[in-house]
**Q** 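Input: one structure, supplied below.
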Amino acid sequence: MAKTVVALDCMGGDYAPEEPVKGAVEALREKDNVFIKLVGQTKLIEDELKKYGDIEKYSDLYEIIDAPDVIDMAEPPVTAIREKTESSLVKCLYAVRHGEADGMVSAGSSGAVLVGGHLVIGRLKGVQRPPFAPLLPTAKKKPVLLLDAGANVDVRASMLLQFAQIGTVYMENILGFENPKVGLVSVGTEEEKGNALTKEAFPMFKEAKGINFVGNIEARDIPEGKVDIAVCDAFVGNAILKTYEGVGAMILNTVIDTLKTNLKTKIGALLIKKQFKKSMKAFDIKEYGGAPLLGLKGLLMKTHGNSKAVEIKNSIFQCIDYNELDLNNKIKERLNLND
């Protein structure tokens, strides 16, 4: 099978280029069906690669693409994309557009990534609005797909329905879920609950074929794993995502502080250390990688600005799965799109 080519923005994010390069090396150590284009300032990338004594073993699985410019988090996204054509982010975008990469990963500016996805890669014909779609951990130890989590704050009911359809294709193919359950995020489970948007969307979801709609859900139903796909606009979705991250970190820190309280709790911590780490790993968002912007002509994976190597690595793995499963064509087939 042909290798999946991934363009990695090595200059995007709070810990660039150290963590993106580390994530790429870890991906190469675990997979041999990927070729990574390390895009960024050549000297800095080379200096990072020198930290890994076994990097020569993978010399035929990566290349460095020089990109001297860097898009700052505070820059106006449209201006940055149009003017900084020598930046690592823009070069990754064009690599996907021109078919030089099957997908790309970036921890850079969310605004610039979103604008670049639309302006450079472009939407699949017939897709109204591509949503950001992260996987979130649940108590059932299986993830839930949240969409939209940041791309489209103002949407129409028909867009929410398309999010559900695209999300269903994603969960069926990428995670192997059979007939995944779809929930519409609202302020109550009753059909008449919600705002004008969710009230309009509800009957459309009920009548739609190809999705397993189980009704309205409340935000608290998401961590409980009551559905496999949670659909909402990006204003609501981003609030859910950020709350998830904040509460998760708070709980983890509280537990750790408790285990350090005295000698007895420290001894107890040592006894459960292995199982504790395993359990906490299941609730770590970073274990699932970044969020794809679904519905583009090519794959774009956006990771957190503070992403470490594990999230970069898992995002690269998502690119491999997405490409090998030919997900874009499956989305077009499901939505009856003619691109």
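All values derive from a computational prediction rather than experimental measurement.
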**Q** List in chain and number order the residues that pass salt bridge (Lys or Arg N to Asp or Glu O under 4.0 Å) with Glu63, two or more places apart in sequence or in another chain; answer none if no residue qualifies.
**A**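 Only Lys37 meet the salt bridge (Lys or Arg N to Asp or Glu O under 4.0 Å) criterion with Glu63.
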**Q** For a quick test of reading the model, state the closest non-hydrogen atom pair linking Leu93 to Gly117 and the distance between them.
**A** CD2-N, 4.0 Å
**Q** Answer yes or no: is there a side-chain heavy-atom contact under 4.5 Å between Tyr62 and Ile55?
**A** yes
**Q** Of the non-hydrogen atoms in Ala16 and Pro20, which two are nearest, and what is the gap between them?
**A** CA-CD, 3.9 Å
**Q** Roughly how far, to the nearest 0.5 Å, is CD1 of Ile211 from CG of Leu161?
**A**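 Spacing of CG (Leu161) from CD1 (Ile211) equals 5.5 Å.
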**Q** Indicate if Val113 and Val127 have the same hydrophobic cluster label, given that clusters are the connected sets of ILVMFWY residues with side-chain heavy-atom separations under 4.5 angstrom.
**A** no
**Q** Evaluate the side chain to side chain contact (heavy atoms under 4.5 Å, CB included) criterion for residues Val21 and Leu8: first the C-alpha distance (whole Å), next the side-chain angles of each, then the deciding distance (0.1 Å), finally the verdict.
**A** CA-CA 9 Å; Val21 171; Leu8 176 61; over 6 Å; no
**Q** Between Leu147 and Phe213, is there shared hydrophobic-cluster membership here, with clusters defined by ILVMFWY side-chain heavy atoms closer than 4.5 Å?
**A** yes
**Q** So which residues get pulled into Leu44's cluster when ILVMFWY side chains under 4.5 Å apart are joined, directly or through others?
**A**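 Its cluster mates, by chain and number, are Met11, Val70.
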**Q** At their closest point, which heavy atom of Gly12 faces which heavy atom of Ala107, and how far apart are they?
**A**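 Closest pair (atom of Gly12, atom of Ala107, distance): O-CB, 3.7 Å.
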**Q** Determine yes or no for a side-chain-to-main-chain donor-acceptor pair under 3.5 angstrom, with Glu172 supplying the side chain and Phe177 the backbone.
**A**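 No; judged by distance alone, with no hydrogens or angles, the pair does not exist.
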**Q** Taking the side chain as C-beta and beyond, is there a heavy-atom pair between Lys302 and Ser110 under 4.5 Å?
**A** yes
**Q** Compare every heavy atom of Ala157 with every heavy atom of Met204, then report the nearest pair and how far apart it is.
**A**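 What the structure gives for the nearest pair is SD-CB, 3.6 Å.
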**Q** What pairs with Asp54 under salt bridge (Lys or Arg N to Asp or Glu O under 4.0 Å), at least two apart in sequence or on another chain?
**A** Arg29
**Q** Do the side chain of Asn323 and the main chain of Cys319 share a donor and acceptor less than 3.5 angstrom apart?
**A** no
**Q** Should the heavy atoms of other residues, nucleotides or ligands under 6.0 Å from CG of Asp154 be counted, would the total exceed 12?
**A**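 Incorrect, the count does not exceed 12.
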**Q** Does any N or O in the side chain of Asn328 come within less than 3.5 Å of the main-chain N or O of Lys297, such that one atom is a donor and the other an acceptor?
**A**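 Flag set: sc Asn328 to bb Lys297 pair under 3.5 Å.
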**Q** Treating Ile, Leu, Val, Met, Phe, Trp and Tyr as nodes and any side-chain heavy-atom pair under 4.5 angstrom as an edge, say whether Leu335 and Ile121 lie in one connected cluster.
**A** no
**Q** Report the distance from atom CZ of Arg129 to atom CG of Asp233, rounding to the nearest 0.5 Å.
**A** 11.0 Å
**Q** Sorted by first residue and then second, give each side-chain hydrogen bond (donor to acceptor under 3.5 Å, both in side chains) pair with at least one member in residues 208-218; sequence neighbours left out.
**A** Glu218-Arg220
**Q** Can you check side chain to side chain contact (heavy atoms under 4.5 Å, CB included) on Tyr322 and Met301, steps first, answer last?
**A** CA-CA 11 Å; Tyr322 195 107; Met301 292 291 302; 6.0 Å; no
**Q** Determine whether Val6 and Val34 make a side-chain contact, defined as any pair of heavy atoms from C-beta on separated by less than 4.5 Å.
**A**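 Side chain of Val6 against side chain of Val34, heavy atoms only: contact under 4.5 Å found.
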**Q** Got a donor-acceptor contact below 3.5 angstrom from the Ser106 side chain to the Asp9 backbone?
**A**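 Judged by distance alone, no pair lies under 3.5 Å.
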**Q** Hey, are the side chains of Asp228 and Lys142 touching, using non-hydrogen atoms and a 4.5 Å cut-off?
**A**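 Asp228 reaches Lys142 side chain to side chain.
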**Q** Do the side-chain N and O atoms of Glu75 and Ser109 include a donor-acceptor pair separated by under 3.5 angstrom?
**A**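 Not at all, the side chains of Glu75 and Ser109 share no donor-acceptor pair under 3.5 Å.
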**Q** Applying side-chain contact (heavy atoms from CB on, under 4.5 Å) between Ile217 and each of Val185, Leu184, Val182, Val144, report the one that passes.
**A**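 Running side-chain contact (heavy atoms from CB on, under 4.5 Å) over Val185, Leu184, Val182, Val144 with Ile217 returns exactly one hit, Val185.
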**Q** Check whether any side-chain heavy atom of Lys51 sits under 4.5 Å from a side-chain heavy atom of Glu18, and report yes or no.
**A** yes
**Q** Can you tell me how far apart CG (Leu145) and OG1 (Thr168) are? Round to the nearest 0.5 Å.
**A**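 So the CG of Leu145 and the OG1 of Thr168 are separated by 9.0 Å.
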**Q** Does the side chain of Cys92 come within less than 4.5 Å of Val105's, by heavy atoms?
**A**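 No; the side chains remain at least 4.5 Å from each other.
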**Q** Decide whether Leu325 and Phe35 are clustered together by the hydrophobic rule: side chain heavy atoms of Ile, Leu, Val, Met, Phe, Trp, Tyr closer than 4.5 Å, transitively.
**A** no
**Q** Quick check on Glu192: does its CD atom have over 12 non-hydrogen neighbours (other residues, nucleotides or ligands) under 6.0 Å away?
**A**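 Count over threshold, so yes.
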**Q** If you round to the nearest 0.5 Å, how far is NZ of Lys181 from CE of Met171?
**A** 11.5 Å
**Q** Are the side chains of Val90 and Ile81 in touch, meaning some heavy atoms are under 4.5 Å apart?
**A** yes
**Q** Which heavy atom in Cys232 sits nearest to a heavy atom in Leu146, and how many Å separate them?
**A** SG-CD1, 3.9 Å
**Q** By salt bridge (Lys or Arg N to Asp or Glu O under 4.0 Å), which residues pair with Lys206, not counting sequence neighbours?
**A** Glu191
**Q** Go through the steps for Asp326 and Lys330 under the test salt bridge (Lys or Arg N to Asp or Glu O under 4.0 Å), then give the verdict.
**A** CA-CA 7 Å; Asp326 195 20; Lys330 288 182 170 63; 5.5 Å; no
**Q** Between the side chains of Thr42 and Asp66, is a donor N or O closer than 3.5 angstrom to an acceptor N or O?
**A**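 Side-chain D/A pair, Thr42 to Asp66: present.
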**Q** Hydrophobic clustering (ILVMFWY, side-chain heavy atoms < 4.5 Å, transitive) - are Leu61 and Leu49 grouped together?
**A**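 Both belong to a single hydrophobic cluster.
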**Q** I need the Tyr244 OH to Asn238 CG distance, nearest 0.5 Å.
**A**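 Going from the OH atom of Tyr244 to the CG atom of Asn238 covers 15.0 Å.
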**Q** Within the 3.5 Å criterion, strictly below it, is a donor on Gln128 or Asn152 matched to an acceptor on the partner's side chain?
**A** no
**Q** Can you name the nearest heavy-atom pair linking Ala67 to Ser87, along with the distance?
**A**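 Between these two residues, the closest heavy atoms are CB-C, 3.7 Å.
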**Q** Nearest 0.5 Å, please: how far is CD1 in Ile36 from OH in Tyr58?
**A** 11.0 Å
**Q** Looking at residues at least two apart in the chain, or sitting in another chain, which of them share a salt bridge (Lys or Arg N to Asp or Glu O under 4.0 Å) with Lys226?
**A**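 Lys226 satisfies salt bridge (Lys or Arg N to Asp or Glu O under 4.0 Å) with Asp221, Glu224 once adjacent residues are dropped.
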**Q** Walk me through it: do Val231 and Phe205 pass the test side chain to side chain contact (heavy atoms under 4.5 Å, CB included)?
**A** CA-CA 11 Å; Val231 179; Phe205 275 54; 4.0 Å; yes
**Q** Got Ile312 and Glu26 here, is their nearest side-chain heavy-atom distance under 4.5 Å?
**A** no
